[in-house]
Student: 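To start, I am sharing the structure in question, which I have written as structure tokens.
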Amino acid sequence: MAEKITPQSEDFSRWYVDVVRHAGLADYSAVRGCMVIKPYGFAIWENIRDQLDKMIKETGHQNAYFPLFIPVSFFSREAEHVEGFAKEAAVVTHYRLRLNPDTGEIEPDPEAKLTEPLIVRPTSETIIWNTFKDWIHSWRDLPLKINQWANVVRWEMRPRLFLRTAEFLWQEGHTAHATAQEAMEEAKQMWHVYETLMRDFLAIAPYKGMKTPGERFAGAEETFTLEALMKDKKALQMGTSHFLGQNFAKAFEVMFTNKQGEREYVWATSWGVSTRLIGALIMSHGDDKGLKIPPRIAPVQVVIIPIFKSGSDEEKVLDVANSITERLRNAGIRVLLDDDNTKRPGWKYNEYELKGVPVRIALGPRDVENGVVEVARRDTLQKMQFSIDDLEEKVIELLDDIQQSMLVENERWHRENTIPVSSMNELKEVIEARKGFALAFWDGTPQDEEKLQEETGATIRCILPDDSEEGTCIVTGKKTRQKVLIALAY
RNA sequence: CGGGGCGUAGCGCAGUCCGGUUAGCGCGCCUGCCUUGGGAGCAGGAGGUCCCCGGUUCAAAUCCGGGCGCCCCGACCA
């Protein structure tokens, strides 16, 4: 049942939780920090996943699957990598339980202690590179381009549905290359693939940039990121692609013999996006009525709601409703006919608006008489009338238009909430007033960056690739071509 | 991991300060009637280890001690 949801302006966090729960995306579970993804939420994930999977395969990658458990000794091979993830690792120490004869309680059997503890993967670089070592011997084995769809565990102190949970679903790509240049191109390629997914399917137009050394993935030499601004004007990292250099190759001694017969370390990348994308989707498009899902990933693109007074109208209206449902379905549209007559039309309108279904078609006796239907689009809430005759065509056109408009609207949102600043004071004003991304010239040190975060609470989300103009760094006062985006972030 | 708040029916809450009928309200649920163009109405009904353990008392949702869980806010992270 759809209860009232908290308005965004009143309390954005509560709005978010209300929408996630009332729209049936996910629930809290019995396990702290872990969520249950419900069918409707999982259907969104499946659509995102299927699309991205296709794109990953089209760019020459193959899916595989690696173990959930990683020996601690593997994990500690790459120094920065351990440091980055140690604080949130779940550790498996026993392989059996027993009934304690004294207390009567179930406990890990002291006799069944693992000689080496395992951690539950927070990411799979180490186990994968340990494996790649056996797969790669010659330049002929390269490039090696592998992806896996998996769950990972990071024991988060402060969970939030979809955005930060102890366990989450994602895809992690891992590739090995003969040259640094090729690996760098791979990392950038997948960065672009993510951008395409976000723009063309999620209708989100994130900024593309590089992470500063302090914000890089643990073990990476360069991290490419996609940063979007949510409706509360906080930034969210939607995905990252890393150039790993030879760090993991060296840690796991992954070498190949090149065409000259010399042994060389390989060059690596890794890249991932997670169920966090669903969080981004909710917070990028949603309004006080609930979700807005872009047509291309909406589990239901069109909902059809028949309206009738019981009796003679019923059959007539349902006949037409059934026939247009079938026609739209045959046209490749994901359509749901809601002919449940225990719920009234008004209730359904609200329910499907909450669930973010892009298009609603209502038809009653009057419409049937006139050969039309009432069509309402979720993004603008605009209502119109379509003739039944060429309905397929019109609906396909409308779905395309909604997809496009949502992207345009999101681009506008980013543009309007990106504010150039030319001094620390201006930056503070922008951050304190919570105006979104501050755009600044930056040439500071990691220490300056730390100070920035202490003073404002905001972080450098990314360094923009565009270095076409020169300006003055807001901390050092030096001339620089490097521009950064600064914002409060999730 | 620090600060705050909350655990009473499926959900949201009142009752707790000041112990005392059969623990209550709204929503939801079930049955029936009626209704269907923006979250209908009426009637009847079901549903509770009052988070757990211990203590005080003639009597505990309420007081005392201990524990557990969750949410929110901060530091860390996809």
Side-chain angles (χ1 to χ4, degrees), chain A residues 1-6 11-14 16-18 21-22 27-34 83-89 122-123 151-172 194 211 214-218 223 225-228 235-242 270-280 289-290 305-311 313-314 317-318 338-354 360-369 372-374 376 381 383 385 450 453-454 457 459 488-490:
Chain A
M1 165 61 192
E3 314 252 321
K4 290 276 176 288
I5 60 177
T6 309
D11 184 338
F12 194 83
S13 299
R14 278 188 56 193
Y16 180 79
V17 174
D18 285 352
R21 303 193 70 184
H22 292 145
D27 258 333
Y28 294 110
S29 73
V31 183
R32 186 198 136 81
C34 294
E83 206 187 313
F85 290 105
K87 292 189 294 287
E88 48 191 28
T123 178
N151 57 339
V152 285
V153 168
R154 299 179 187 177
W155 214 260
E156 297 293 348
M157 288 300 112
R158 197 178 153 192
R160 209 142 140 46
L161 294 167
F162 288 115
L163 298 178
R164 210 171 25 231
T165 46
E167 179 191 11
F168 58 93
L169 305 182
W170 77 345
Q171 131 310 288
E172 47 179 323
Y194 286 159
K211 285 295 186 186
E215 296 269 329
R216 260 179 217 150
F217 174 73
T223 289
T225 182
L226 294 129
E227 302 280 330
L236 181 73
Q237 177 176 310
M238 290 183 65
T240 47
S241 180
H242 316 287
S270 71
W271 27 274
V273 295
S274 70
T275 38
R276 171 178 266 199
L277 290 178
I278 297 173
K289 284 176 170 286
I305 299 175
I307 299 163
F308 50 81
K309 296 187 173 58
S310 12
D313 286 339
E314 184 169 350
V317 171
L318 283 179
D338 186 349
D339 58 0
D340 174 0
N341 66 7
T342 69
K343 299 281 196 298
R344 297 155 60 93
W347 190 92
K348 294 177 186 176
Y349 292 177
N350 285 289
E351 180 70 6
Y352 292 109
E353 280 165 2
L354 170 62
R360 178 184 74 230
I361 294 178
L363 74 157
R366 279 206 307 271
D367 301 307
V368 171
E369 292 296 321
V372 297
V373 290
E374 182 196 80
L381 298 171
K383 284 185 191 176
Q385 248 187 17
E450 237 172 81
Q453 177 167 9
E454 272 167 37
T459 47
L488 297 171
Y490 276 95

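Chain letters run A, B, ... following the sequence lines, proteins first and then strands; every chain starts at 1.
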Student: Between A/Lys348 (NZ) and B/G37 (P), how many Å, whole number?
Tutor: 10 Å
Student: Under the side chain to side chain donor-acceptor pair (under 3.5 Å) test, which residues partner A/Asp339, sequence neighbours left out?
Tutor: none
Student: Using the P atom as the reference point in each nucleotide, state the distance between B/G38 and B/U21 in Å, no decimals.
Tutor: 48 Å
Student: Return the value, rounded to whole Å, for the distance between atom CG of A/Asn341 and atom C1' of B/C34.
Tutor: 13 Å
Student: On RNA chain B, does the nearest nucleotide to A/Phe217 precede the nearest nucleotide to A/Lys383 from the 5' side, or the other way round? Give the residue.
Tutor: A/Lys383
Student: With sugar-phosphate meaning primed atoms plus P, OP1 and OP2, does A/Thr165 contact a base, only sugar-phosphate, or nothing at under 4.0 Å between heavy atoms?
Tutor: base
Student: In whole angstrom, give the distance that lies between atom CG of A/Asn350 and atom C1' of B/U36.
Tutor: 15 Å
Student: What is the base-pairing partner of B/A75, counting Watson-Crick and G-U wobble geometry with both distances under 3.5 Å?
Tutor: none
Student: Would you indicate which nucleotide in B/G39, B/C77, B/G38 comes nearest to any side-chain atom of A/Glu156?
Tutor: B/C77
Student: Students often get this wrong, so: under 4.0 angstrom with heavy atoms, is A/Leu163 touching a base, only sugar-phosphate, or nothing?
Tutor: base
Student: May I ask you to check if A/Arg276 and A/Phe168 form a cation-pi contact, with NZ or CZ under 6.0 angstrom from the six-membered ring centre and within 45° of the axis?
Tutor: no
Student: For the residue pair A/Arg160 and A/Tyr490, would you count it as a cation-pi contact if the rule is NZ or CZ under 6.0 angstrom from the ring centre and within 45 degrees of the ring axis?
Tutor: no
Student: Suppose we define a pair by two distances each less than 3.5 Å, Watson-Crick or G-U wobble; what does B/U49 pair with here?
Tutor: none
Student: Heavy atoms under 4.0 Å, any strand shown: does A/Arg366 hit a base, just sugar-phosphate, or nothing?
Tutor: base
Student: Check the distance between B/C72's C1' and A/Asp18's CG and give it to me in whole angstrom.
Tutor: 14 Å
Student: In the strands shown, is B/G37 matched to any nucleotide by a Watson-Crick or G-U wobble pair with both distances under 3.5 Å, and which?
Tutor: none
Student: Under a 3.5 Å cut-off for both contacts, is B/G28 paired Watson-Crick or G-U wobble with anything, and if yes, with which nucleotide?
Tutor: none
Student: Compare every heavy atom of A/Tyr349 with every heavy atom of A/Ala362, then report the nearest pair and how far apart it is.
Tutor: CB-OH, 3.5 Å
Student: Tell me which nucleotide among B/A78, B/U36, B/G37 gets nearest to the side chain of A/Arg154.
Tutor: B/A78
Student: Rounded to whole Å, please give me the gap between CG in A/Asp313 and P in B/U35.
Tutor: 13 Å
Student: Go through the N and O atoms of the side chain of A/Glu353 and the base of B/G39, and report whether any donor-acceptor pair is under 3.5 Å.
Tutor: no
Student: For B/A23, what is the paired nucleotide under Watson-Crick or G-U wobble rules, both distances under 3.5 Å?
Tutor: none
Student: What integer number of Å spans the C1' atoms of B/A60 and B/C77?
Tutor: 45 Å
Student: Would you call the rings of A/Tyr194 and A/Trp271 parallel, tilted or perpendicular, where under 30° means parallel and over 60° means perpendicular?
Tutor: perpendicular
Student: Does any nucleotide pair with B/A60 by Watson-Crick or G-U wobble geometry, both distances under 3.5 Å, and what is it?
Tutor: none
Student: Going by purine N1 to pyrimidine N3 plus the second Watson-Crick contact, or the G-U wobble pair, all under 3.5 Å, which nucleotide sits opposite B/C18?
Tutor: none
Student: For B/A9, which nucleotide in any strand shown is its Watson-Crick or wobble partner with both distances under 3.5 Å?
Tutor: none
Student: Please write out the pairs of protein N or O atoms and N or O atoms of nucleotides 6-9 of chain B separated by less than 3.5 Å, giving the distance to one decimal.
Tutor:
none

Student: Return the CZ to CZ distance between A/Arg164 and A/Arg158, rounded to the nearest 0.5 Å.
Tutor: 6.0 Å
Student: Taking the P atom of each, how far is B/C72 from B/G54, in whole Å?
Tutor: 32 Å
Student: Want to settle it: does A/Pro345 or A/Tyr490 sit nearer the 5' end of RNA chain B, counting the closest nucleotide to each?
Tutor: A/Pro345
Student: Quick check for you: to the nearest 0.5 Å, what is the distance between A/Glu227 atom CD and A/Leu236 atom CG?
Tutor: 7.5 Å
Student: Take atom P in B/G44 and the same atom in B/U57, then report the distance between them in whole Å.
Tutor: 46 Å
Student: Answer whether the closest heavy-atom distance between the side chains of A/Thr240 and A/Phe217 falls below 4.5 Å.
Tutor: no
Student: Can you tell if the side chain of A/Leu363 reaches within under 4.5 Å of the side chain of A/Val368, non-hydrogen atoms only?
Tutor: yes
Student: Measure from NE2 on A/His22 to C1' on B/G39 and round the result to the nearest Å.
Tutor: 13 Å
Student: Quick one: list whatever passes side chain to side chain donor-acceptor pair (under 3.5 Å) with A/Arg154, sequence neighbours left out.
Tutor: none
Student: So, using salt bridge (Lys or Arg N to Asp or Glu O under 4.0 Å) as the criterion, who are the partners of A/Asp11 when residues are at least two apart?
Tutor: none
Student: Which value, rounded to the nearest 0.5 Å, describes the distance between A/Thr275 atom OG1 and A/Gln171 atom CD?
Tutor: 11.5 Å
Student: The side chain of A/Phe168 lies closest to which of these nucleotides: B/G38, B/A78, B/G37?
Tutor: B/A78
Student: Rounded to whole Å, how long is the line connecting atom CD1 of A/Ile5 with atom C1' of B/G39?
Tutor: 13 Å
Student: How far, in whole Å, is B/C17 from B/A61 if one measures between their C1' atoms?
Tutor: 14 Å
Student: Between the protein and nucleotides 68-71 of chain B, which nitrogen or oxygen pairs are less than 3.5 angstrom apart?
Tutor:
from, atom 1, to, atom 2, distance (Å)
B/C70, OP1, A/Arg32, N, 3.4

Student: Calculate, to the nearest 0.5 Å, the distance between atoms CD and NZ belonging to A/Glu351 and A/Lys343 respectively.
Tutor: 8.0 Å
Student: If we take the C1' atom in both B/G19 and B/A59, what is their distance in whole Å?
Tutor: 8 Å
Student: Atom pairs under 3.5 Å, N or O on each side, protein against nucleotides 73-75 of chain B: can you list them with distances?
Tutor:
from, atom 1, to, atom 2, distance (Å)
B/C73, OP1, A/Ser13, OG, 2.9
B/C73, OP2, A/Arg158, NH2, 2.5
B/G74, OP2, A/Arg158, NH1, 3.1

Student: Which atom names give the shortest non-hydrogen contact between A/Tyr352 and A/Ile305, and what distance separates them?
Tutor: CD1-CD1, 4.1 Å
Student: Check the distance between B/C77's P and A/Arg276's CZ and give it to me in whole angstrom.
Tutor: 12 Å
Student: When the P atoms of B/C25 and B/C6 are considered, how many whole Å apart are they?
Tutor: 24 Å
Student: For nucleotides B/G65 and B/G47, find the distance between their P atoms and express it as a whole number of Å.
Tutor: 37 Å
Student: Rounded to the nearest 0.5 Å, what separation is found between the CD1 atom of A/Ile307 and the CZ atom of A/Arg366?
Tutor: 8.5 Å
Student: A/Arg344 side chain: which of B/C77, B/A40, B/G38 is closest?
Tutor: B/A40
